[in-house]
Each structure stands twice: as structure tokens, then as C-alpha cells.
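A short worksheet on the structure shown next.
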Amino acid sequence: MPWKGEKDAYKVWLSEIILQQTRVEQGWNYYEKFIQQYPTVIQLANAKDEAVFKLWEGLGYYTRCRNLLHTARVVRDNYNGRFPSDYNAILNLKGIGNYTAAAIASFCFNQPYAVVDGNVLRVLSRFFGIENPIDSTEGKKLFSKLAQECLDAAGPGEYNQSIMDFGATVCKPVPVCRQCPLQKNCIAFNTNKVGILPVKEKSIRKKERWFTYFVFSYKDKTFVQQRTAKDIWQNLYEFYLEETLTDPAWNHQKIKHWLHKKNIFPSKETVIIPAKKQVLTHQVIHGYFILIEPKTLPSALKGAWLSKKEIKHKAFPQFIHQFTGKTNLQLQFL
DNA sequence: AAGCCGGGGGA
DNA sequence: TCCCCAGGCTT
């Protein structure tokens, strides 16, 4: 792994935050961009929020970005720009939970705290044949206690790296038992339960939502607004949004009617572009982009009219980015 | 204790 | 499709 042996707490922290629920191949370019742009935690702390969100754009779980900024500023202001080495002090920083605190404490300061992530849960549940659900409260307690007991106190950092590497390369979701050096003592292997471990009890129900984005452009500017509600994509930007519970099935007649109610009159034929659906953790977003050039500037909209250049510096969710970023047709329109 | 938060890739 | 990813915060 590219970060092997890294001791700089800023770099370890940054990479751990970026890699939370994120594959290495997906997150590593972002890590390198961040380090290049902000080589020290002080420089990150001094950055403008919008610039950091723009750098984070596309990574998902955007509260991580908000917490990243917050913690960088706490480290700058309360810890003289150096990460604390005490486990509980690390744990108290925003965006850092049990896993990340143990990772920083053991990798950077060689303290005896066992990491428990998806890899570790898989390895422990299989090797010891534990069928308690890993997402139950008892399960979490049981596994973190067991992990702590297994920890090699002589080299906690190296032990933590090793068990995660093992889970990532051998004891994978679909494991390579044939190559496994622990096969002989693995309870799951010997009782033919590799396929059912680890056990999870909760399954996520996904909610369907329909987003119609009206892309208003007037002269060389486009209307955008920032998402502030307690909902997905907080702090990111978007176009004018109309949400429905079912497929609005837009056609030109329906749009004309909708615009008329809002006292908006297009100067030319509108364009309807079905969006590519976006699957999130708890919901599926479907929708449309409807391009409109009004005759006069609609006054009722609460937001900003920005030029193409200004829009480039704002962070948008991937659902919108896949639309603004791709084709020339849409770029010309913007 | 349960629900919520993105986006991508592999089987 | 479904599952998983070097998880954490809010209610």
C-alpha cells in the first residue's frame, strides 16, 4: 500500500479520512491532490472552504470535508499545528471515530490501540467463527474487545497494518482460502462457513426520489443555488430544483404550463435531458435536466446568477457533474 | 439503537 | 442486481 510506513500524522489523518468507506483506487488521486495543494495542516486550515470542497468534489460523503476543515483549524488553533498523540484527544476531533483514532495513534505514535474496520471484522469473524452480527451493538463490542486482545503490543502499528492488508488481499469478501496461511486454524474454513461470515443483520431500504433541474440561463449566466437543508449533498451547489415523488414525465407541453405558472417565458424551445440515475447509500436519484433561456430575468429565484467561469469553482454533486462536465452541447448552453 | 451520508467497482 | 469499501455523526 502506498502509505506504508508513513509517520506524519497530517498525512495519515488526511489519507484515513479520504479512505473512509472509499476504495484506495478511488481516493488516492484525491489524497495526492490535497497534499500537493496543502502540504501542511496549517495550509489546509488557512484555505477557503469553497476551494477545499471543490477539491473534494466527486468523492462523496461531504460531511467528511466539512469535518476535515473543522479539525484542521482546531489542530492549528488549539494544538499549535501538531496533531495530539493522546488517543482520547485524537478521538475527540471531528470526523475521527474509533477506527481513525486507533489508526493515527498506532501508526504515528506506536500506541496500543487495535483498529477495527471492514477488513478486521471479516478476518476476526471468520478466523474465530463468530456469528454475531457485526452491525449489532453487542457485535461491535465483542469484536472491538477481541481485536484489542489480538493486538501485538510490541508493534501495534505494524500489527494493525498487517491485519488490514491481510483482509484486503487474502481474506477478501470473496476470499482466496487456497492461498491462506491461516487456513488450518480458521474456524470458518473448517466448518464451511466462509461464505456466510461476517453476518450482517441490517439491510438498507433505498428510497426513490425524482429531481428535475431547471437550468435557467440568461445572457451568459446560469442560475445556481447552494444546498443548505439537512439532506444529501449539503454545502454543494445545484440548479433550480423541483422534486417529485414519482416520474414527472416531462414533455414540452407540461413544461410550458409549469413555466407559465411561474411567469417565466422561454425565448426559444426548451431542451429536455433525462439524467443518468444516481444510487446513493439510502436513496436512488432519478431525474431530468431542462434547459431554459427565459426572455426576461426571473426575479423570484433565491440564489445566484453565475458565469461559466464562476461555476467552475463551485462543487456540484456527481448527479449534476455528469451532466455539466461531459458534452459540448451542455457546455455551450452554459 | 437506528438512520443517514456518495460514489465506484467487482461478482 | 447486490455487496462492499482502511466509518462517523445525528437523532
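Here is how names work: the chains are called A, B, and so on, in the same order as the sequence lines, proteins then strands, and each is numbered from 1. No experiment lies behind these values; they were computed from the predicted model shown.
Paired regions of DNA chain B, where each region holds three or more successive Watson-Crick or G-U pairs whose two hydrogen-bonding distances fall under 3.5 Å, are B:1-5 with C:7-11, B:7-11 with C:1-5.
Computed from coordinates, the A:Asn92 CG to C:dG8 P distance equals 13 Å when rounded to whole Å. Per the geometry, CD1 belonging to A:Ile18 stands 14 Å off P belonging to C:dG7, to the nearest Å. For A:Arg64 and C:dA6, the CZ to C1' distance is 12 Å, given to the nearest whole Å. Taking atom NE2 on A:His70 and atom P on C:dT10, their separation rounds to 10 Å, with Å as the unit. For the pair A:Arg66 CZ and C:dG8 C1', the computed distance is 16 Å after rounding to whole Å. Rounded to whole Å, atom C1' of B:dG6 lies 13 Å from atom CZ of A:Arg227. Taking atom CD1 on A:Ile163 and atom C1' on C:dA6, their separation rounds to 12 Å, with Å as the unit. As rounded to whole Å, 13 Å separates atom C1' of C:dG8 from atom CD1 of A:Ile104.
Among the atoms of the strands shown, only primed sugar atoms or phosphate atoms (P, OP1, OP2) are found under 4.0 Å from some heavy atom of A:Lys202. No engagement by A:Ser15 is indicated, since no non-hydrogen atom pair under 4.0 Å with the nucleic acid exists. Contact annotation for A:Gln234: no contact, since no heavy-atom pair falls under 4.0 Å across all strands. Residue A:Asn160 is classed as having no contact, given no heavy-atom separation below 4.0 Å to the nucleic acid.
With respect to the salt-bridge test (charged N to carboxylate O, under 4.0 angstrom), the residues A:Lys314 and A:Glu57 do not qualify. A salt bridge between A:Lys54 and A:Asp49 is absent, with no side-chain N of the basic residue lying under 4.0 Å from a carboxylate O of the acidic one.
For A:Ile292 against A:Pro266, the heavy-atom pair with the smallest separation is CG2-CB, 4.3 Å. For A:Ser106 against A:Tyr113, the heavy-atom pair with the smallest separation is CB-O, 4.0 Å.
Between A:Lys277 and A:Lys94, the residue whose closest nucleotide on DNA chain C is further toward the 5' end is A:Lys277. Nearest-nucleotide positions on DNA chain C place A:Arg122 closer to the 5' end than the other of A:Arg122 and A:Leu91.
Note that CG of A:Leu151 is 6.0 Å distant from CG of A:Asn160, once rounded to the nearest 0.5 Å. Between atom OH of residue A:Tyr79 and atom CG of residue A:Asp77 there is a gap of 11.5 Å, rounded to the nearest 0.5 Å.
Here A:Gln20 does not reach the OP1 or OP2 of B:dC5: none of its side-chain N or O atoms lies under 4.0 Å away.
Nucleotides B:dG3 and C:dA6 have their P atoms positioned 25 Å apart, rounded to a whole Å.
Figure legend: cation-pi geometry between A:Lys33 and A:Tyr30, with NZ or CZ positioned under 6.0 Å from the six-membered ring centre and within 45° of its axis. Under the 6.0 Å distance and 45° angle rule, A:Lys256 does not count as a cation-pi partner of A:Trp258.
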Start with the C-alpha distance between A:Arg209 and A:Asp231, add both sets of side-chain angles, then the distance that settles salt bridge (Lys or Arg N to Asp or Glu O under 4.0 Å), and finish with yes or no.
CA-CA 12 Å; A:Arg209 299 173 76 178; A:Asp231 195 357; 2.9 Å; yes
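When distances run from any side-chain atom of A:His282 to the nucleotides C:dA6, B:dC5, C:dG7, the shortest one goes to B:dC5.
The distance between the ring centers of A:Trp250 and A:Phe289 does not fall below 6.0 angstrom.
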Could you run down the sub-3.5 Å N/O contacts of the protein with nucleotides 7-11 of chain B?
from  : atom 1 : to       : atom 2 : distance (Å)
B:dG7 : OP1    : A:Tyr62  : OH     : 2.7
B:dG7 : OP1    : A:Gln318 : N      : 2.9
B:dG7 : OP2    : A:Trp233 : NE1    : 3.3
B:dG7 : OP2    : A:Gln278 : NE2    : 3.1
B:dG7 : O5'    : A:Gln278 : NE2    : 3.4
B:dG7 : N2     : A:Gln26  : OE1    : 3.2
B:dG8 : OP1    : A:Gln318 : NE2    : 3.3
B:dG8 : N2     : A:Arg23  : NE     : 2.9
B:dG8 : N2     : A:Arg23  : NH2    : 2.8

